[in-house]
Student: 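The following block contains the structure, expressed as structure tokens.
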Amino acid sequence: MTARVYLAQPNHQYGRNVFLPYSVGLLRAFSESIPDIAAAYEFGEMLFLRDPIDEVVARWRDPAVVGLSVYIWNEQYQMALARAIKAAHPDCLVVAGGPQVPAKPPADFFARYPFLDVLVHYEGEHTFAEILRERLKPEPDVGAVAGATANVRGGAKAGGVRDRTRTPDQIPSPYLVGLFDSFFERYPDLDFHATSETHRGCPFVCHFCDWGGAVYTKVNKFSDSRVKAEYDWAAGRHIELLYNADANFMMLPRDRELTDYLMALKARTGWPKQIRAAWAKVASDRIFDVAVQLHASGMDKGVTLALQSLNPHTLEAIERANIKFDSFGDLVGRYQNAGIPVYVEFILALPEETYDTFCDGLCRVLEAGLDDGLNVYLCMILPNSEMGDPAYRERHGIQVVRGPLLQQHSTPAAGGPVEESEVVVATRTMPAWDFAQAFTFAWAVQAFHGMGLTRNLARWWVSRGGTYRDFYGKLLASARAGHPKAPLGQLYSKMRRQFDLGLQGKGWGRVDPRYGDILWPLEEATFLDAVSGDLGALYREIGELFDAPKSLLEAEQRGLRTPDTYAGNLTRYAQEIVWYGRKGGKFRVSRDLATAQRVEPAGVY
């Protein structure tokens, strides 16, 4: 009699969009390629939706092994599922792997998580298959499996480090062996997105990330033929968005050929419609040339220019290799002239960052000409990153608050476990008060400048000898001190209330029923509040503050695409203009007033 295996990789939905469970698909595809394992086990459901846990337990009949792929966006759900499975089926072997599983579990780990039987570290395909094989022995010892740590009566037994998979093609593709084909008939109301790997590993060792580190600095490639075959599968299944999971898209010379193939496929079949990727950390002509072609094909989601910080002491502390900032303005201009969206990512409260270095860094980016696409993210602690090490945190005075994960644009689950993250709220060089001021400045720059509410006003201020730092400092000072019912004061108060909730561990984003059942980051929520409120009053208040010309204020307001372009449908407007359109700057209309009300079609997430 075969034993049943169930695999779980639940994800959030984004409207109708949801990702196929690629990671557990790899586990199953590899295990089923081994004859003795395939003969001994029957694989059941691959869970990819956040279904009510009691329903999942009820429909999983006699599970012998349950494998959980654990990420920051599903950790709490997975732990609750493991607990429920173990309570219903005490003899079931519960195996957890993925980025949230610690590579070096603390001594009390299994005392805290007694419902977990085995942890899988790093790449999981070979380790999981060996666990299945070990379980078939008369006296199994899963703690002896390389790459695994077993729960032995509350203590830990580790099987040692497993060598990486040097030839990834030995792991069959879950797409090409047909593991997901039935999903499209079973879930006709969902639009599936697919994950694509062309290589594994990252040569960088940024301390806030666990993509590379000491284990994964060498890059191992999937074959060209496999990658192209997966592209063909995605086109045949009408996959709208292909998520490239490489740490450095377009880092390798052969990436150009693969992308050419993908664009030709789109031109021939119409699918996949778009690709999203983590672009290589160092800019190159190859990246620019491919970005131009992807943009022309309608497939790009924009290009990231890697920064995270402009403070040299911070970059040294986190071992971050940046593009040289003296060429940043030229690079931004090059992309902008080609009509390609460019976005820059900063991380708030990295080690050695101060309030002044952080704010000055944001303003230097504005001075270099990048207005759209400035994104500031909270610094989250990942368990296997250098920053997750207790000694590292003590050295840099890192203080955190644990609370609901800001999974922006996701559809919040109705009931069930709430996902969490640890957010840095103070460091040795950025104490709590400075963190609050830096957070507020970043909010103002993103909401008012990046989203276009005061962009031209700020430029006008700078052209008269002012600075962006002074402009947004003055705006914030007025918002803090102004009448609470005045437009600026209202926007500031809403932001500040949510910030205070974040510090209390109650969440950093907002859901507003006017804009649909979607979790919004604060800068986007502020923009939506502004454009759906009394814009005229807002601009009158700002105009008096800066003594700005009336014609400039009218032009600034006229340049915004407001909900009127959607007949006041706030939900559709918010999704298509702010969610889908932020990176492309769709929240601003053409400067040609004759086309000011033209609305471009919706994109995909």
Side-chain angles (χ1 to χ4, degrees), residues 208 302-315 317-318 320 322-329 331-333 335-336 341-379 406 423-427 429-431 433-463 466-480 491-492 495-496 499 508 521-524 526-527 582-583 585:
F208 54 83
V303 175
T304 308
L305 300 180
L307 291 179
Q308 315 305 349
S309 172
L310 289 180
N311 178 23
H313 300 297
T314 296
L315 299 178
I318 64 175
R320 175 74 178 186
N322 269 26
I323 58 177
K324 300 300 181 184
F325 194 77
D326 54 8
S327 63
F328 180 80
L331 198 57
V332 169
Y335 280 104
Q336 289 177 337
V342 181
Y343 52 100
V344 167
E345 296 173 348
F346 275 72
I347 298 178
L348 175 58
L350 287 169
E352 303 304 313
E353 192 82 82
T354 69
Y355 166 69
D356 284 325
T357 62
F358 176 78
C359 295
D360 286 344
L362 296 186
C363 293
R364 286 176 66 191
V365 168
L366 301 184
E367 291 161 3
L370 188 137
D371 295 313
D372 291 327
L374 180 59
N375 297 280
V376 179
Y377 297 111
L378 297 169
C379 183
L406 177 54
V423 170
V424 178
V425 295
T427 68
T429 56
M430 186 182 283
W433 172 258
D434 286 1
F435 172 80
Q437 302 313 302
F439 181 100
T440 304
F441 191 82
W443 163 77
V445 169
Q446 290 179 97
F448 287 87
H449 196 97
M451 302 292 293
L453 290 170
T454 58
R455 182 180 302 170
N456 292 315
L457 284 168
R459 289 173 176 167
W460 165 79
W461 176 268
V462 171
S463 72
T467 67
Y468 288 114
R469 178 84 183 261
D470 289 342
F471 181 89
Y472 287 106
K474 186 178 179 72
L475 185 78
L476 282 170
S478 179
R480 290 190 193 100
L491 296 176
Y492 175 83
M495 177 278 299
R496 186 67 200 205
F499 173 78
W508 301 90
L522 284 184
E523 69 275 7
E524 292 181 4
T526 294
F527 176 83
R582 178 177 178 179
K583 288 180 179 175

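By convention here, the first residue in the shown sequence is residue 1.
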Student: Of all heavy-atom pairs between M451 and F527, which one has the smallest distance, and what is that distance?
Tutor: O-CE1, 3.3 Å
Student: Report the distance from atom CG of L378 to atom CG of L522, rounding to the nearest 0.5 Å.
Tutor: 9.0 Å
Student: Report yes if the side chains of I318 and P351 come closer than 4.5 Å at any heavy-atom pair, otherwise no.
Tutor: yes
Student: About how many Å separate CD1 of I347 and OG of S309, when rounded to the nearest 0.5 Å?
Tutor: 9.5 Å
Student: When rounded to the nearest 0.5 angstrom, what distance separates OH in Y377 from CG in L350?
Tutor: 14.0 Å
Student: Can you measure from CE (M430) to CZ (F358) and round to the nearest 0.5 angstrom?
Tutor: 6.5 Å
Student: As a quick check of understanding, evaluate side chain to side chain contact (heavy atoms under 4.5 Å, CB included) for R480 and T440, giving each step before the final call.
Tutor: CA-CA 11 Å; R480 290 190 193 100; T440 304; 3.9 Å; yes
Student: I'd like to know if the side chain of R469 and the backbone of C363 have a donor-acceptor N/O pair within less than 3.5 Å.
Tutor: no
Student: Between R582 and E523, is there a side-chain N and carboxylate O pair less than 4.0 Å apart?
Tutor: yes
Student: Could you give me the CA-CA distance, side-chain angles and deciding distance for D356 and D434, then say whether side chain to side chain contact (heavy atoms under 4.5 Å, CB included) is met?
Tutor: CA-CA 9 Å; D356 284 325; D434 286 1; over 6 Å; no
Student: In Å, rounded to the nearest 0.5 Å, how long is the span from CG of L366 to OH of Y468?
Tutor: 6.0 Å
Student: Just say parallel, tilted or perpendicular for the rings of W443 and F448, cut-offs at 30° and 60°.
Tutor: perpendicular
Student: Under the ring pair (Phe, Tyr, Trp, His ring centres under 6.0 Å) rule, collect the residues that match up with W460, sequence neighbours excluded.
Tutor: none
Student: Just verifying a value: how many Å separate Y335 OH and Y343 OH, rounded to the nearest 0.5 Å?
Tutor: 11.0 Å
Student: Tell me every residue that passes side chain to side chain donor-acceptor pair (under 3.5 Å) with T357, counting only those two or more places apart in sequence or in another chain.
Tutor: E353, T354
Student: Looking at side-chain heavy atoms only, is the closest gap between F499 and W508 below 4.5 Å?
Tutor: yes
Student: Using a 3.5 Å distance criterion without hydrogens, assess whether the side chain of Q446 forms a donor-acceptor pair with backbone atoms of V376.
Tutor: yes
Student: Locate the shortest heavy-atom distance separating G361 from L310; write the atom from each residue and the value.
Tutor: O-CD1, 3.5 Å
Student: Would L457 and W461 satisfy side chain to side chain contact (heavy atoms under 4.5 Å, CB included), going step by step from the backbone distance to the final call?
Tutor: CA-CA 6 Å; L457 284 168; W461 176 268; over 6 Å; no
Student: Test your reading of the model: is there a side-chain donor-acceptor pair from N311 to the backbone of E352, 3.5 Å cut-off?
Tutor: yes
Student: Should L362 and L374 count as side-chain neighbours, where that means a heavy-atom distance under 4.5 Å?
Tutor: yes
Student: Does the Q336 side chain pair with the main chain of G369, one donor and one acceptor, at a distance under 3.5 Å?
Tutor: yes
Student: Identify every side-chain donor-acceptor pair in residues 470-479 under 3.5 Å, counting partners at least two apart or on other chains, and give the distances.
Tutor:
{"from": "D470", "atom 1": "OD2", "to": "T467", "atom 2": "OG1", "distance (Å)": "3.2"}
{"from": "Y472", "atom 1": "OH", "to": "H449", "atom 2": "ND1", "distance (Å)": "2.7"}
{"from": "Y472", "atom 1": "OH", "to": "T454", "atom 2": "OG1", "distance (Å)": "3.1"}

Student: Let me see the working for V424 and F208 under side chain to side chain contact (heavy atoms under 4.5 Å, CB included), right down to the final yes or no.
Tutor: CA-CA 11 Å; V424 178; F208 54 83; over 6 Å; no
